[in-house]
Novice: 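This structure is in structure tokens; I'll ask about it shortly.
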There are 2 protein chains.
Amino acid sequence: MGLFLSTHVNKVDKKGRVSVPSSFRGVLGGQTELIVFRSLQANAIDACAVDYMDRLSEALDNPNKPDDMRDLIETTVFGGSVRLAIDPEGRIVLPEHFMAFAGITEGAAFVGRRHTFQIWDPDALSVHEAASRDRSRAQNISLSTILARTNSVLAGGGSSGGGVQ
Amino acid sequence: MGLFLSTHVNKVDKKGRVSVPSSFRGVLGGQTELIVFRSLQANAIDACAVDYMDRLSEALDNPNKPDDMRDLIETTVFGGSVRLAIDPEGRIVLPEHFMAFAGITEGAAFVGRRHTFQIWDPDALSVHEAASRDRSRAQNISLSTILARTNSVLAGGGSSGGGVQ
DNA sequence: TGGGTGCTTATGGGGTATCATGGGATGGGA
DNA sequence: TCCCATCCCATGATACCCCATAAGCACCCA
């Protein structure tokens, strides 16, 4: 119950409300607010807990970060983010221009990404997911290979993998 | 009692429930949840304990990990995986699209793979196993050759190791 | 050695709590 | 006074939990 996991598709009603999946609300703990902003990588909406934003801010203060990246993130993420209230039934109302940006109309797909999650139009997600799976397959990613490979990275070694699968 | 071993075939009842083999539940310790994920290599479902996923998540936070790889894994693995509760009788309910993906209808084969296990349609598994056996035979793999070859690697030596088999 | 006994495991069905979703009511701001 | 946002309540569907039954296995005792 600590990480945002799995994908849930929920309906958007005519008032613009959409339920945040129960398991995601569980990850948020008792928090009745969350942060959303337009994703930098895709036509999707990124979302996270309020306190996650604080940690992101600290990371940004790291002097090793290039200045232009800091500028970019400050503008797009912090400037473009919105704080949303979760109603007693666990629903949120996405701002109009966010819906348009992600192409969301009557359905919204919530995709867990560990510390954050994304909100997609279901159709756009299918397309994106298919492409991602292909790329992952090309990299030979599986539950068992990720750990093995990461450990070798940590050890400084770069065994190219090519495992038996 | 530490590794997922051997293969068990169980029935899927009309509610979609299927028993996790008792020995697998033993490996999970007291954990009442597990993670499932559509395999990238085969039409089967990968499964692991929740804490395995936690370790995977920690590994992903390693700053040496390339950013694009992290994105890919977060989307494919974490977005594509589902957390399933194990009921008091030791059963799980696989999501509809997971069943369809693996071609599972009335039976499910649980295949131990050490730290993870897979769930197959029994018929699809037979086909896959036959193919795997052929490949093993072609590569002259046996339990004793694996150890012998690994040891020689560790020792830095390259004794070509003509397999006994 | 063979039969019986008791436990663990797998499977089936029914009842209940939770969740997603829809509609209506209420209150504050324009 | 009107409109919009929020909150409250109702409902259908689903997921979860509890109990019951049956089948396999190991152990024990005769």
Side-chain angles (χ1 to χ4, degrees), chain A residues 1 4-34 36 47 50 82-99 104-112 117 119-122 125, chain B residues 1 4-36 45 47 50 81-100 104-112 117 119-122 125:
Chain A
M1 191 57 81
F4 295 107
L5 212 62
S6 104
T7 296
H8 307 260
V9 177
N10 287 338
K11 279 190 187 175
V12 179
D13 68 20
K14 48 189 168 188
K15 290 182 179 180
R17 297 176 300 187
V18 57
S19 291
V20 177
S22 172
S23 66
F24 284 19
R25 299 199 306 262
V27 176
L28 290 172
Q31 299 180 70
T32 59
E33 287 181 316
L34 52 82
V36 295
V50 175
V82 175
R83 196 176 181 129
L84 294 183
I86 303 177
D87 77 11
E89 282 75 39
R91 289 178 286 197
I92 54 174
V93 178
L94 292 170
E96 193 60 45
H97 60 290
F98 277 38
M99 305 256 292
I104 293 172
T105 54
E106 56 207 31
F110 291 76
V111 182
F117 61 91
I119 308 174
W120 287 74
D121 172 67
L125 178 63
Chain B
M1 193 55 87
F4 297 107
L5 285 181
S6 103
T7 297
H8 309 259
V9 177
N10 287 338
K11 276 191 188 175
V12 179
D13 69 19
K14 50 187 168 190
K15 288 182 174 181
R17 297 176 300 188
V18 57
S19 292
V20 176
S22 173
S23 66
F24 284 20
R25 299 199 305 262
V27 175
L28 290 172
Q31 298 181 72
T32 60
E33 289 181 315
L34 53 82
I35 307 287
V36 294
I45 297 166
V50 174
S81 62
V82 176
R83 192 177 185 133
L84 295 183
I86 303 177
D87 76 12
E89 283 75 39
R91 289 177 289 195
I92 54 174
V93 178
L94 293 170
E96 191 62 43
H97 60 290
F98 276 48
M99 304 257 293
I104 293 172
T105 54
E106 56 208 32
F110 291 76
V111 183
F117 60 92
I119 308 173
W120 287 75
D121 172 66
L125 178 62

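Numbered from 1 within each chain, the chains take letters A, B, ... in sequence-line order. Because the structure is a prediction, the values reported are computed rather than measured.
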Novice: With a 4.0 Å cutoff (strictly under), does any side-chain N or O of B/Arg17 reach OP1 or OP2 of C/dG14?
Specialist: no

Novice: For A/Glu33, is there any backbone N or O sitting under 3.5 Å from a side-chain donor or acceptor partner on A/Arg83?
Specialist: no

Novice: Just so I know, are the side chains of B/Leu28 and B/Ile86 near enough to count as touching, which here means a heavy-atom distance under 4.5 Å?
Specialist: yes

Novice: D/dA5 C1' sits how many Å from A/Leu84 CG, rounded?
Specialist: 13 Å

Novice: Can you measure A/Phe110 atom CZ to C/dT21 atom C1' for me and round it to whole angstrom units?
Specialist: 13 Å

Novice: Rounding to an integer number of Å, can you tell me how far A/Asp87 CG sits from C/dG22 P?
Specialist: 13 Å

Novice: Over how many whole Å does the gap from A/Glu33 atom CD to D/dA5 atom P extend?
Specialist: 17 Å

Novice: Are the side chains of B/Ile104 and B/Ile45 in touch, meaning some heavy atoms are under 4.5 Å apart?
Specialist: yes

Novice: What protein N or O atoms touch nucleotides 9-11 of chain D N or O atoms at under 3.5 angstrom, if any, and at what distances?
Specialist:
unit_1: D/dC9; atom_1: N4; unit_2: A/Glu89; atom_2: OE2; d: 3.3

Novice: Compare every heavy atom of A/Pro95 with every heavy atom of A/Leu84, then report the nearest pair and how far apart it is.
Specialist: CD2-CD, 4.1 Å

Novice: With side chain to side chain contact (heavy atoms under 4.5 Å, CB included) as the criterion, how do B/Ile119 and B/Val18 come out once you've worked through the C-alpha distance, each side chain's angles and the decisive distance to 0.1 Å?
Specialist: CA-CA 11 Å; B/Ile119 308 173; B/Val18 57; over 6 Å; no

Novice: Measure across A/Gly107 and A/Pro122 and return the closest heavy-atom pair with its distance rounded to 0.1 Å.
Specialist: O-CD, 3.3 Å

Novice: Which residues pass the ring pair (Phe, Tyr, Trp, His ring centres under 6.0 Å) test with A/Phe24, not counting sequence neighbours?
Specialist: A/Phe4, A/His8, A/Phe117

Novice: C/dT8 P sits how many Å from B/His8 NE2, rounded?
Specialist: 18 Å

Novice: When you check the phosphate oxygens OP1 and OP2 of C/dT8, does a side-chain N or O of B/Ser22 lie under 4.0 Å from one of them?
Specialist: no

Novice: Which protein N or O atoms sit under 3.5 Å from an N or O of nucleotides 26-30 of chain C?
Specialist:
none

Novice: From the list C/dT11, C/dG22, C/dA20, which nucleotide is the closest neighbour of the side chain of A/Lys11?
Specialist: C/dG22

Novice: How many Å lie between CD1 on B/Ile92 and C1' on D/dA15, as a whole number?
Specialist: 14 Å

Novice: In this structure, how many angstroms lie between the C1' atom of C/dA10 and the CZ atom of B/Phe24, rounded?
Specialist: 15 Å

Novice: Looking only at non-hydrogen atoms, find the nearest pair between A/Asn10 and A/Ser19 and report the distance.
Specialist: ND2-O, 2.7 Å

Novice: Side chain of B/Pro88, heavy atoms from C-beta onward: which of C/dG23, D/dC17, C/dT21 has the nearest atom to it?
Specialist: D/dC17

Novice: Please tell me which of B/Asn10 and B/Lys15 maps to the more 5' nucleotide of DNA chain C, matching each residue to the nucleotide holding its nearest heavy atom.
Specialist: B/Asn10

Novice: B/Leu94 versus B/Val12: any side-chain heavy-atom pair under 4.5 Å?
Specialist: no

